Each structure stands twice: as structure tokens, then as C-alpha cells.
*Asks:* 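Please see the structure below; I have some questions.
Only a predicted model underlies this, so the values are computations on that prediction, with no experimental measurement involved.
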Amino acid sequence: EQLKKQEEEYRLLVENQTDMVVKVDVDGKFEYVSPSYCKKFGLSEESLLGNSFMPLVHEDDREATAREMEKLFEPPHVAYVEQRAMCDGGWRWLAWVDTAVLDDNGKVISIIGNGRDITELKLAQEAELENHTRLMGILNNSPSIIYLKDLHGKYLLINKTCEKLFKATTEEVIGKTD
């Protein structure tokens, strides 16, 4: 009776979390997919079980994903992967923390993956990079001497005009004081 109650509580926890949970065998074939995973991909549990996850991964991310997952076969048997995947509604960025399940002899017998959608974070990072690139383009094309220092007097940023004045590269100046 108590075991049945614990199993029901565990099932409710897994089935109602927003993070995606999967279990794959050592060949990357699904043994378990959480309801949140099925919902994210717009696929049924039946259509996923026994099939490889790799075809869902963006072609450009498959090699890096496979390389990162090789870490699961060496201590500490953990891997972190950011990859694009074809989800319901299009390509999304997913971040996965994968942990190997070991048998009594220390051999990997399956892999548990916990994933979440990080698309908005990736888009914000890309926008920040574009803004930084645009700002540096403006600063570096200015004839004015432009620099930024922290409260301790360390240079955080200098433009090309400063480089010419200091007769030093940005890399040589950043982090230094006068």
C-alpha cells in the first residue's frame, strides 16, 4: 500500500513538471519520455519509445551533441548539452543535463536527461552580442578618445583612437590602471 502511494507521488511529480525528462539506452533510443517532452515536440510517447533522439537534433548540432555525450562513459558520468531541436512549432534551443545510470559493475546501462527550453535566453544573448558589435563599431569609428574605467581605475573598454594614443592594443590595456 505504501509503495503504491510512493509510486503514485513519484509519477505525479515527473508527469507534472515543466522540465523535460527522458531516459535513453546507450544507443540513444528512448526508454522513457515525460509528458512535458511529448508536449514540447508534439509527439506521442508511442511514437518516440524505441527510437533515437538524434534525428530530432539540428543537423549542425549532432556532432557536438554526440561528442559531449561521450563524457557520460567516464567519471563523473555527467554531460551538459545545448542544442537546437525540431519541436512543435519549429526549432528551439534546449539545454540538457545528462547523467549516466550505472550497473553494479560501473558499466553505463542508460542515460537520464533533464532538459529545458532556453530559446529566449539564446535570443537575448544574440541580441546582446549584436548590440555590443554595433556599439563597438560606433566607438571604434569615432575620432574621439573613448574609454570606460571601473571604480578602481581599471580600463574596461577603449576604442581604436585610444589604442593609437596609448600605442597599445585593447588586450594590453583592459584590466590595467594608468
*Asks:* Between Val24 and Leu43, is there shared hydrophobic-cluster membership here, with clusters defined by ILVMFWY side-chain heavy atoms closer than 4.5 Å?
*Replies:* yes
*Asks:* Between Glu74 and Lys71 (salt bridge meaning N to carboxylate O under 4.0 Å), is one present in this structure?
*Replies:*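 So Glu74 does not pair with Lys71 through a salt bridge.
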*Asks:* Evaluate the side-chain proximity of Leu48 to Cys38: yes if any heavy-atom separation is below 4.5 Å, no if none is.
*Replies:* yes
*Asks:* OH of Tyr80: more than 12 outside heavy atoms within 6.0 angstrom?
*Replies:* yes
*Asks:* Check the hydrophobic clustering (I, L, V, M, F, W, Y; side-chain heavy atoms under 4.5 Å; chains of links allowed) and say if Val26 and Val22 are grouped together.
*Replies:* yes
*Asks:* Whether Arg92 and Glu120 form a salt bridge (side-chain N of Lys/Arg under 4.0 Å from carboxylate O of Asp/Glu) is what I want to check.
*Replies:* yes
*Asks:* Got Tyr32 and Val21 here, is their nearest side-chain heavy-atom distance under 4.5 Å?
*Replies:*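 Yes, close enough: below the 4.5 Å cut-off.
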*Asks:* Quick one: are Asn114 and Gln17 in side-chain contact, heavy atoms under 4.5 Å?
*Replies:* yes
*Asks:* Verify whether one side chain among Thr170 and Glu163 offers a donor that lies under 3.5 Å from an acceptor in the other.
*Replies:*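 Their side chains do contain a donor-acceptor pair, which is all the 3.5 Å distance test asks for.
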*Asks:* Using 0.5 Å steps for rounding, measure from the OG atom of Ser36 to the CZ atom of Phe41.
*Replies:*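 The OG atom of Ser36 sits 10.5 Å away from the CZ atom of Phe41.
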*Asks:* Locate the shortest heavy-atom distance separating Asn105 from Asp103; write the atom from each residue and the value.
*Replies:*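 Here Asn105 and Asp103 meet closest at N-OD1, 2.8 Å.
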*Asks:* Could you check whether atom CD of Glu63 has more than 12 heavy atoms from other residues, nucleotides or ligands sitting under 6.0 Å from it?
*Replies:*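 No, because the 6.0 Å sphere around CD of Glu63 holds 12 heavy atoms or fewer from other groups.
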*Asks:* For residues Met54 and Thr65, determine if any side-chain heavy atom of one lies less than 4.5 Å from a side-chain heavy atom of the other.
*Replies:* yes
*Asks:* Is there a continuous path of hydrophobic side-chain contacts, each under 4.5 Å between heavy atoms, that joins Val57 to Trp96?
*Replies:* yes
*Asks:* Would you compute the distance between atom CG of Asn141 and atom NZ of Lys160 and round it to the nearest 0.5 angstrom?
*Replies:*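 Reported to 0.5 Å precision, the distance equals 10.0 Å.
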*Asks:* Are Leu135 and Leu148 connected into the same hydrophobic cluster when the rule is that any two of I, L, V, M, F, W, Y join if their side-chain heavy atoms are below 4.5 Å apart?
*Replies:*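 Yes, Leu148 and Leu135 fall within the same hydrophobic cluster.
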*Asks:* Please answer whether the main-chain N or O of Pro55 pairs with a side-chain N or O of Arg62 as donor and acceptor at a distance below 3.5 Å.
*Replies:*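 Yes, the answer is positive, given that a donor and an acceptor are paired below the 3.5 Å cut-off.
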*Asks:* Using the side chain to side chain contact (heavy atoms under 4.5 Å, CB included) rule, take Asp98 and Met69 through it: C-alpha gap first, then chi angles, then the decisive distance, then the call.
*Replies:* CA-CA 8 Å; Asp98 297 323; Met69 291 191 69; 4.2 Å; yes
*Asks:* Using a cut-off of 6.0 Å, state whether more than 12 heavy atoms not belonging to Lys29 lie near its atom NZ.
*Replies:* no
*Asks:* Apart from Leu165 itself, which Ile, Leu, Val, Met, Phe, Trp or Tyr residues share its cluster (side-chain heavy atoms under 4.5 Å, direct or through members)?
*Replies:*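 Ile145, Tyr147, Tyr155, Ile158, Phe166, Val173, which link up through side-chain heavy atoms under 4.5 Å apart, make up the rest of the cluster.
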*Asks:* Are Met86 and Val81 connected in a single hydrophobic cluster, I mean Ile/Leu/Val/Met/Phe/Trp/Tyr linked by side-chain heavy atoms less than 4.5 Å apart?
*Replies:*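 No, no single cluster joins them.
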*Asks:* To the nearest 0.5 Å, how far apart are CD1 in Ile138 and CG in Asn159?
*Replies:*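 The CG atom of Asn159 is 12.0 Å from CD1 of Ile138, to the nearest 0.5 Å.
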*Asks:* Give a yes or no on whether Glu59 atom CD has more than 12 heavy-atom contacts from other residues, nucleotides or ligands under 6.0 Å away.
*Replies:*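 Not buried by this count: 12 neighbours or fewer within 6.0 Å.
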*Asks:* How long is the straight-line distance from CG of Asp88 back to NZ of Lys39, given to the nearest 0.5 Å?
*Replies:* 10.0 Å
*Asks:* Write down the atom of Val108, the atom of Leu72, and the distance for their closest heavy-atom approach.
*Replies:* CG2-O, 3.6 Å
*Asks:* Starting from the C-alpha separation in whole Å, work towards a yes-or-no answer on side chain to side chain contact (heavy atoms under 4.5 Å, CB included) for Leu3 and Glu7.
*Replies:* CA-CA 6 Å; Leu3 180 60; Glu7 286 175 355; 3.8 Å; yes
*Asks:* State the CG-CD1 distance between Asn140 and Ile146, to the nearest 0.5 angstrom.
*Replies:*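 Going from the CG atom of Asn140 to the CD1 atom of Ile146 covers 8.5 Å.
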*Asks:* Determine whether Glu8 and Lys4 satisfy the following criterion, side chain to side chain contact (heavy atoms under 4.5 Å, CB included), listing intermediate values before the conclusion.
*Replies:* CA-CA 6 Å; Glu8 178 64 19; Lys4 188 175 180 180; 5.9 Å; no
*Asks:* Are His152 and Thr177 close enough that some pair of their side-chain heavy atoms sits under 4.5 Å apart?
*Replies:* no
*Asks:* Are Arg84 and Leu94 side-chain neighbours, meaning at least one heavy-atom pair lies under 4.5 Å?
*Replies:* no
*Asks:* Just so I know, are the side chains of Leu102 and His77 near enough to count as touching, which here means a heavy-atom distance under 4.5 Å?
*Replies:*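 Yes; the side chains approach each other to less than 4.5 Å.
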*Asks:* Between Ser142 and Leu139, is there a donor-acceptor pair closer than 3.5 Å when you use the side chain of the first and the backbone of the second?
*Replies:*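 No; zero donor-acceptor contacts below 3.5 Å.
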*Asks:* State, with a plain yes or no, whether a side-chain heavy atom of Phe30 is found less than 4.5 Å away from one of Lys23.
*Replies:* no
*Asks:* Do Arg67 and Glu70 sit within salt-bridge range, that is, some charged N less than 4.0 Å from a carboxylate O?
*Replies:*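 Glu70 and Arg67: not salt-bridged.
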*Asks:* Measure the spacing between CG of Leu121 and CD of Glu126 and express it to the nearest 0.5 Å.
*Replies:* 10.0 Å
*Asks:* Could you name each residue pair satisfying salt bridge (Lys or Arg N to Asp or Glu O under 4.0 Å) that touches residues 128-155, not counting sequence neighbours?
*Replies:*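 The answer is Lys149-Asp178.
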*Asks:* Determine the minimum heavy-atom distance between Trp91 and Leu56, stating which atoms define it.
*Replies:*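 Taking every non-hydrogen atom into account, CZ3-O, 3.9 Å.
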*Asks:* Look at atom CD of Gln125 and say whether more than 12 heavy atoms of other residues, nucleotides or ligands are closer to it than 6.0 Å.
*Replies:* yes
